[in-house]
Amino acid sequence: MSKNNRKNKNHNEQKGEAKVINGLVGSIEEAFSEDISDIEQDDVVVADVPSGLNTGKIKKVLCFIVGLVVIVFAVIGAVCTATAVGSFIGNIAERTELKNEFALYLYPVVATDPPSFEDATTLTNSTIIKAAVSRILLTGDTSNYQNDTGVLYIPEYDVETAAKNIFGNSITVTHQTVGHVEDLATYIADKKVYAVASASRIPNYYPQVSAIENIGETYTLTVDYYPPTVSIPGLANETESSKSMTYVIEVSGDRKTIKSIALNNVTREDT
């Protein structure tokens, strides 16, 4: 074969190879472009579907959270309301119990109907001793006292102690006979005792504490006086009290001391 023929053959072969390579490259590029197009379409489809799903889920989650918050606040409100109501009822119950406690404490004092005073040191011995004897007889323990045919003998020491438990240690007790007939307390100086009738006494009034205020240990009470038709201290059967008094009482631990008594209104008898 001549040199020119070989040259032409080689040239033709190179052309053929180039054509084949170009064809292959074109096919690959076409195929790759189609795959890319398919992938992009698939991505669009895949992206669209989850996007819709995520939006729905987000809405549901938000609704759930909002609902949960509303429920939580509703529960908190209910608990706060229940606590407030319980506290209010508790305060009422506590005040009622305290009123009854003061009424029982004042019962033997109100029974003797002491006069108004601003300072206990101005009280007469008669007022002090009658209140002390009344306290012993109505709310004290008399089981250890000598009892002789309807007469009870109370040591003067117990009378003085009871008086100071009512009006405080500032008072001075001068022992003497006080009262008349039913509330008579005869002082026997040589025996240092008071002879009193052991029979039950009829009090002048029964107390009912209708209002109570306090600043620290100082309590101001509105005490309504009811006639002796009432049988239980602190409870009144009458619809209207005979009179109303203001008591100022100091409380220290278990001890109570009457500091003053003042008249609030005119009695029904006076009216």
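For this chain, numbers begin at 1 and follow the sequence in order. Model, not experiment: these values are computed from the prediction.
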Using modelled atom types and a 3.5 Å cut-off, is there a donor and acceptor pairing between side-chain atoms of [X] and backbone atoms of [Y]?
{"X": "Ser198", "Y": "Gly150", "result": "yes"}
{"X": "Ser134", "Y": "Lys130", "result": "no"}
{"X": "Asp113", "Y": "Val110", "result": "no"}
{"X": "Asn204", "Y": "Ala111", "result": "yes"}

Transitive ILVMFWY side-chain link [X] to [Y], under 4.5 Å:
{"X": "Leu184", "Y": "Ile128", "answer": "no"}
{"X": "Leu98", "Y": "Val223", "answer": "yes"}
{"X": "Val178", "Y": "Tyr153", "answer": "no"}

How far apart are the closest heavy atoms of [X] and [Y], and which atoms are they?
{"X": "Asp141", "Y": "Ser143", "result": "OD1-OG, 2.8 Å"}
{"X": "Val151", "Y": "Ala195", "result": "CG1-CB, 3.8 Å"}
{"X": "Ala103", "Y": "Val209", "result": "N-CG2, 3.9 Å"}
{"X": "Val109", "Y": "Tyr247", "result": "CG1-OH, 4.3 Å"}
{"X": "Pro207", "Y": "Leu106", "result": "CG-C, 4.3 Å"}
{"X": "Asn264", "Y": "Thr222", "result": "ND2-CG2, 3.9 Å"}

Is any side-chain heavy atom of [Y] closer than 4.5 Å to one of [X]?
{"X": "Ile249", "Y": "Thr218", "value": "no"}
{"X": "Leu152", "Y": "Gln146", "value": "no"}
{"X": "Thr257", "Y": "Phe167", "value": "no"}
{"X": "Ile261", "Y": "Pro114", "value": "yes"}
{"X": "Ser116", "Y": "Met245", "value": "yes"}
{"X": "Tyr226", "Y": "Tyr205", "value": "no"}
{"X": "Phe117", "Y": "Ile258", "value": "yes"}
{"X": "Asn214", "Y": "Thr220", "value": "no"}

To the nearest 0.5 Å, what is the distance between [atom1] on [X] and [atom2] on [Y]?
{"X": "Leu263", "Y": "Thr246", "atom1": "CG", "atom2": "OG1", "value": "8.5 Å"}
{"X": "Gln208", "Y": "Lys99", "atom1": "CD", "atom2": "NZ", "value": "8.5 Å"}
{"X": "Ile129", "Y": "Ile154", "atom1": "CD1", "atom2": "CD1", "value": "11.5 Å"}
{"X": "Ile188", "Y": "Thr177", "atom1": "CD1", "atom2": "OG1", "value": "8.5 Å"}
{"X": "Ile212", "Y": "Phe102", "atom1": "CD1", "atom2": "CZ", "value": "5.0 Å"}
{"X": "Ile166", "Y": "Arg135", "atom1": "CD1", "atom2": "CZ", "value": "5.0 Å"}

Subject >> For Tyr194, all residues meeting ring-ring contact (aromatic ring centres under 6.0 Å, His included), sequence neighbours excluded >> reply: His175, Tyr187

Subject >> For Tyr145, ring-ring contact (aromatic ring centres under 6.0 Å, His included) partners two or more places apart >> reply: none

**OP:** Check step by step if side chain to side chain contact (heavy atoms under 4.5 Å, CB included) holds for Val196 and Thr186.
**Re:** CA-CA 7 Å; Val196 301; Thr186 303; over 6 Å; no

Subject >> Candidate pair Thr124 and Thr127, rule side-chain hydrogen bond (donor to acceptor under 3.5 Å, both in side chains), full reasoning >> reply: CA-CA 5 Å; Thr124 64; Thr127 297; 3.0 Å; yes

Original post:
Yes or no on side chain to side chain contact (heavy atoms under 4.5 Å, CB included) for Asn100 and Leu104, after CA distance, side-chain angles and deciding distance?
Top reply: CA-CA 6 Å; Asn100 291 336; Leu104 182 60; over 6 Å; no

Subject >> Salt bridge flag under 4.0 Å for residues Glu217 and Arg255 >> reply: no

Subject >> Asp190, CG atom: more than 12 neighbouring heavy atoms under 6.0 Å >> reply: yes

